[in-house]
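Take a look at the structure below.
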Amino acid sequence: MESSIKNNPAHVGCTFSADRLTEVDRLMKQYPEGKHKSAILRILHMGQKDFGWLSVEVMDYVASLLNIQPIEVYEVATFYSMYHLKPVGKYVFEFCQTGPCCTRGAEKTIDYIKNKLNIEVGGTSADGLFTLKTVECLGACGYAPMMQVGDVFFEHLNEEKIDTLIENWRKEAASKN
Amino acid sequence: MAGKKILLANDHVEGIRYYDAYRKHGGYTSVEKALKMTSDDIVEEVKKSGLRGRGGAGFPTGMKWSFLAKPEGVPRYLLCNADESEPGTFKDRYLMEYMPHSLVEGMIVSSFALGANTSYIYIRGEYMWIVSILEEAIAEAYKNGWLGKNIQGSGYDLDLYVTPGAGAYICGEETALIESLEGKRGNPRMKPPFPAIKGLWGCPTVVNNVETIATVPHIINMGGDAYAGIGVGRSTGTKLISACGNIRKPGVYEIEMGISVEEFIYSDEYCGGIADGKKLKAMIAGGSSVPILPHNLITKTAAGEPRLMTYESLADGGFISGTMLGSGGFIIYDEDQCIVHNTYTLARFYHHESCGQCSPCREGTGWMEKVLHRIENGHGKMSDIDLLVDVAKKIEGNTICPLGDAAAWPVAAAIRHFRDEFEWHIQEPEAAQRGNYPHWENRPEVVA
């Protein structure tokens with residue numbers, strides 16, 4: 001869990017697209033009048049997806065959408081482990097390291113990624129593409145070793161699969177540049 | 001024997017994730033039936049069924065429902081706890097992913113029984129793709145007149161929404177879940193007042209696990225007495241078990257309560273035995289919070305009786321020689337697994353997930369993690385073992401939510417049953433770095 005929040009000048013004046021604002025409106029209406037703050041977690045997920053990570057500027061923008069004080073957003077964003085409070089790579093590996101995954105070799109696979117990308121846990125590869133984080137139980141114990149990247153669970157991982165995934169993501173990133 | 005299946009009887013049907021196939025195979029008939037019943041009658045059927053909360057605590061569902069306050073003019077809420085985060089547990093995910101309509105149907109019947117007109121499914125944020133699956137199922141239910149205004153002409157209105165979390169084990173605790181749903185940090189609340197009196201936005205609220213809610217339609221369809229006829233004694237019905245660790249066939253299985261633990265571990269219908277021809281060393285039966293058992297107490301109780309997959313049999317012997325069915329998160333450890341290492345990873349988990357409100361939990365979980373880390377890495381002292389027992393004791397029962405107990409129990413149980421392995425790690429650090437504890441099979445006899 002991160003405990004400090006950071007500014008990002010590049011996020012000054014950030015706004016959601018029109019479609020995203022329609023979605024924000026739909027989410028806020030799922031709760032009774034005056035209780036729309038309940039939509040905060042999901043809107044923060046959207047902010048993270050669109051802007052990469054949750055800077056002070058993104059959180060302030062979310063506060064303005066919900067018409068609440070910025071501190072109400074900061075205190076929520078710093079509590080939940082899925083939010084990135086500092087810059088991360090294009091692909092964030094959230095690798096499960098809890099007991100059941102360890103019975104099936106999670107730690108060895110994490111070490112393999114560290115060596116392959118030459119990074120430590122929490123670090124980002126030199127090309128800015130990959131960040132490795134370790135996380136606690138993701139509810140995929142039977143399909144270990146596993147990691148979450150974005151909204152997708154990658155399960156039954158081994159070194160070969162890791163190689164293929166990284167290669168594909170490198171290609172994907174190169175084709176978009 | 002082939003066990004009876006209720007929740008997963010149709011999980012293999014093609015297209016069962018979608019409305020048409022689900023409806024064709026009997027889906028939503030419980031709503032038709034329930035809308036013609038009174039809410040009291042529905043609660044009565046659930047009471048008769050003996051259904052107990054499937055999230056871990058095992059509290060009788062009908063009784064929980066009957067505690068719900070019903071002040072005039074105040075909305076009531078039903079919240080589904082889909083924050084499945086207990087290590088070893090991945091059963092609700094399976095149900096929601098493959099049979100989302102079974103949860104939607106259960107939410108409609110249960111909301112009607114409780115008089116709730118707005119209900120929410122709070123799902124862990126990591127299951128984001130399941131949010132889409134559930135929202136798609138909900139949209140289909142609206143389109144076919146099972147949600148919204150005047151459901152099937154009954155005059156009953158219900159809106160159902162999905163709210164994802166963002167990574168916090170603690171939000172599986174019901175008052176933390178409510179805080180999170182209100183858009184706050186997931187800090188558990190002091191109780192009383194209980195959610196049944198003051199829950200979401202201060203209104204009477206029931207929080208039930210996914211599997212619990214998905215079972216309700218079956219109880220309505222077959223009747224509470226018929227459901228109570230399945231299983232053994234006070235462990236009625238079926239239970240989803242997510243099996244993982246060193247077994248041949250990890251996965252989610254529906255068992256009839258009362259099959260033996262031996263059958264569950266070794267039969268090809270379920271876990272298929274220990275992987276790679278290894279020996280069974282230890283088992284956690286109900287998610288990482290429940291006590292671990294050594295090989296000699298798994299298939300038989302201390303009294304020598306066959307151990308069954310029921311609330312009572314798994315708990316036989318109390319914490320001295322028993323464990324708990326809990327969430328049904330079943331973790332198997334083979335002879336190559338190190339108990340000290342496993343206990344360390346679980347202590348790290350609870351330290352990471354402690355919300356930090358209560359000092360015994362906030363400080364104690366971190367302390368246990370540190371001590372276990374040094375034992376694991378060959379820097380332990382013999383006094384560390386009793387220190388761990390002491391810290392665990394001082395957390396247990398001294399926090400406002402059960403996370404403290406959940407963190408203390410696995411450490412206390414590991415030392416209770418495997419003290420010699422901890423001692424070996426401390427006395428023979430070099431050997432412990434190189435290999436596994438050689439004497440794990442010699443467990444002291446436990447007197448019933």
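A note on names: the letters A, B, ... follow the listed sequences, proteins ahead of strands, and every chain is numbered from 1. Below, each value reflects all heavy atoms present in this structure, side chains not excepted, and no hydrogens, waters or symmetry copies. Just so we're clear, the structure is a prediction, and the values are computed from it rather than from any experiment.
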Given heavy-atom pairs under 4.5 angstrom as the criterion, report whether the side chain, backbone, both or neither of A:Glu107 touches chain B.
side chain
Side chains of A:Asp127 and A:Ser125: is there a donor and an acceptor less than 3.5 Å apart?
yes
Portion of A:Gln148 that has a non-hydrogen atom of chain B nearer than 4.5 angstrom
side chain
Using non-hydrogen atoms only, which part of B:Ser180 is less than 4.5 Å away from chain A: side chain, backbone, both, or neither?
both
Are any of the side-chain nitrogens in A:Glu23 or A:Lys49 under 4.0 Å away from the carboxylate oxygens of its partner?
no
Between chain A and each of B:His341, B:Lys249, B:Lys91, count heavy-atom pairs under 4.5 Å; write down the option with the most.
B:His341
Heavy-atom distance under 4.5 Å to chain A: side chain of B:Tyr120, backbone, both or neither?
side chain
Please look at B:Tyr77 and chain A and tell me whether the side chain, the backbone, both or neither of the residue comes under 4.5 angstrom of a heavy atom of that chain.
side chain
With chain A, the option among B:Gly165, B:Gly251, B:Ser288, B:Gly356 that has the most non-hydrogen atom pairs under 4.5 Å is B:Gly165
Identify which of B:Leu181, B:Leu346, B:Asn342 forms the greatest number of heavy-atom pairs closer than 4.5 Å to chain A.
B:Leu181
Under 4.5 Å to a heavy atom of chain A? For B:Asn246 that would be both
Going by atom types alone, do B:Glu86 and B:Ser289 pair a side-chain donor with an acceptor below 3.5 Å?
yes
Side chains of B:Asp159 and B:Tyr142 only: does a donor on one sit below 3.5 Å from an acceptor on the other?
yes
Note: vs chain A, highest number of non-hydrogen pairs under 4.5 angstrom among B:Cys244, B:Gly186, B:Ala166 is B:Ala166
Among the listed options A:Ile68, A:Leu66, A:Leu138, A:Leu27, the residue most often paired with chain B at heavy-atom distances under 4.5 Å:
A:Leu138
Side-chain heavy atoms of A:Phe51 within contact of A:Glu57, under 4.5 Å:
no
Might you work through the ring-ring contact (aromatic ring centres under 6.0 Å, His included) test for A:Phe153 and A:Tyr143, ending with a clear yes or no?
CA-CA 10 Å; A:Phe153 278 18; A:Tyr143 324 117; 9.3 Å; no
Side chain, backbone, both or neither of B:Tyr333 within contact of chain A (heavy atoms, under 4.5 Å):
side chain
Chain B shares the most heavy-atom pairs under 4.5 Å, among A:Asp151, A:Val152, A:Ile40, with A:Asp151
With side chain to side chain contact (heavy atoms under 4.5 Å, CB included) as the criterion, how do B:Tyr344 and B:Cys338 come out once you've worked through the C-alpha distance, each side chain's angles and the decisive distance to 0.1 Å?
CA-CA 10 Å; B:Tyr344 161 65; B:Cys338 169; over 6 Å; no
Against chain A, label B:Ile331 side chain, backbone, both or neither, depending on which of its atoms sit under 4.5 Å from a heavy atom there.
side chain
Go through B:Ala243, B:Pro87, B:Ser242 and name the one with the most non-hydrogen pairs under 4.5 angstrom from chain A.
B:Pro87
Distance col, row B:Glu179:CD vs B:Ile170:CD1, nearest 0.5 angstrom, shows 11.5 Å
For chain A, the option from B:Gly245, B:Gly329, B:Ala168, B:Ala275 that forms the most heavy-atom pairs under 4.5 Å
B:Gly245
Heavy-atom distances under 4.5 Å only: say whether B:Glu135 touches chain A with side chain, backbone, both or neither.
side chain
Is B:Gln337 close to chain A through its backbone or its side chain, or both, or neither, when contacts mean heavy atoms under 4.5 Å?
side chain
What is the minimum heavy-atom distance between A:Ala140 and B:Phe90, and which atoms define it?
N-CB, 4.3 Å
Under 4.5 Å from any heavy atom of chain B, what part of A:Tyr31 do you find: side chain, backbone, both or neither?
both
Residue B:Tyr98 excluded, over 12 heavy atoms near OH under 6.0 Å
no
Does any heavy atom of chain A fall under 4.5 Å from the side chain of B:Ile284, the backbone, both, or neither of them?
neither
Could you check whether the rings of A:Phe130 and A:Trp169 sit parallel, tilted or perpendicular, using 30° and 60° as the cut-offs?
tilted
Under 4.5 Å from any heavy atom of chain B - which part of A:Glu94:
neither
Which of these, A:Lys6, A:His11, A:Lys86, sits in a side chain to side chain donor-acceptor pair (under 3.5 Å) with A:Ser55?
A:His11
Modelled atom types, side-chain donor and acceptor of A:Thr15 and A:Arg20, under 3.5 Å:
no
Please state whether the side chain, the backbone, both or neither of B:Cys171 comes within less than 4.5 Å of a heavy atom of chain A.
side chain
